[in-house]
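Atoms within each ligand, like the ligands themselves, are counted from 1 in listed order. The structure displayed is predicted, hence computed values, not measured ones.
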Amino acid sequence: MISKKMFDAMKEQIKNEMESAYIYLSMVAYFHSRNLDGMAHWMRCQVHEETIHAMKFFDHIINRGGEVVLLDLKQLKLTWKNPLEPWKDAYAHEQFITAKIHNLLKVARKENDYTAEPMLAWFVNEQIEEENNTDKVVRQLEMVGDSKEGLFMLDRELGTRIFVAGSPFDPAAYNLLQ
Ligand code: FEO
């Protein structure tokens with residue numbers, strides 16, 4: 001059975017992951033409103049991925065005999081002044097999530113929770129990719145500067161993102177995301 005401390009920390013992480021999905025969904029709306037459909041597509045994939053992250057914690061708690069209680073979500077941000085700003089926010093948000101995952105691992109170690117550790121190790125690795133993906137776009141956007149052509153090309157490229165992970169609500173499907 002999961003300890004109360006571990007349970008509380010994971011319960012908060014479900015909220016953090018769902019808030020990630022929520023802020024990225026705001027970015028989907030923002031990018032569509034600026035006719036940057038490729039960036040919007042990339043962020044749609046990200047909303048899907050974040051929902052899977054939340055469900056991994058959700059199912060971990062259930063599988064260990066806990067009862068999930070969902071916390072209130074905050075609307076983190078609704079709009080941005082240019083296309084670079086949401087990517088900067090996404091990168092900063094991923095750094096925030098990385099710190100939260102590291103803290104979860106600290107709790108697991110303090111609680112001698114050997115069952116949670118492999119799952120948290122997956123998230124530690126995942127965060128390398130999450131930070132790198134968003135940071136890379138920040139650097140590319142800074143490189144193209146005011147070039148409309150550069151922005152158009154980058155938008156086209158981000159629109160090719162393929163995300164195959166199945167439904168976030170079907171563990172058999174979302175566990176494809178290894
Ligand atoms: Fe679930 Fe983007 O971290």
Whether Lys100 and Glu12 form a salt bridge (side-chain N of Lys/Arg under 4.0 Å from carboxylate O of Asp/Glu) is what I want to check. yes
Once rounded to 10°, what is the value of the angle centred on atom 2 (Fe) of ligand 1 between Glu94 OE2 and Glu130 OE2? 110°
Within less than 2.8 Å of atom 2 (Fe) of ligand 1, any N, O or S from Glu17? no
Taking the side chain as every heavy atom from C-beta outward, state whether Arg161 and His41 have any atom pair closer than 4.5 Å. yes
Asp37 and Arg44 ion-paired at < 4.0 Å: no
Is a salt bridge present between Lys5 and Asp8, judged by a nitrogen-to-oxygen distance below 4.0 Å? no
His53: its N/O/S atom lying closest to atom 1 (Fe) of ligand 1 (atom name): ND1
Glu50 atom (N/O/S) at minimal separation from atom 1 (Fe) of ligand 1: OE1
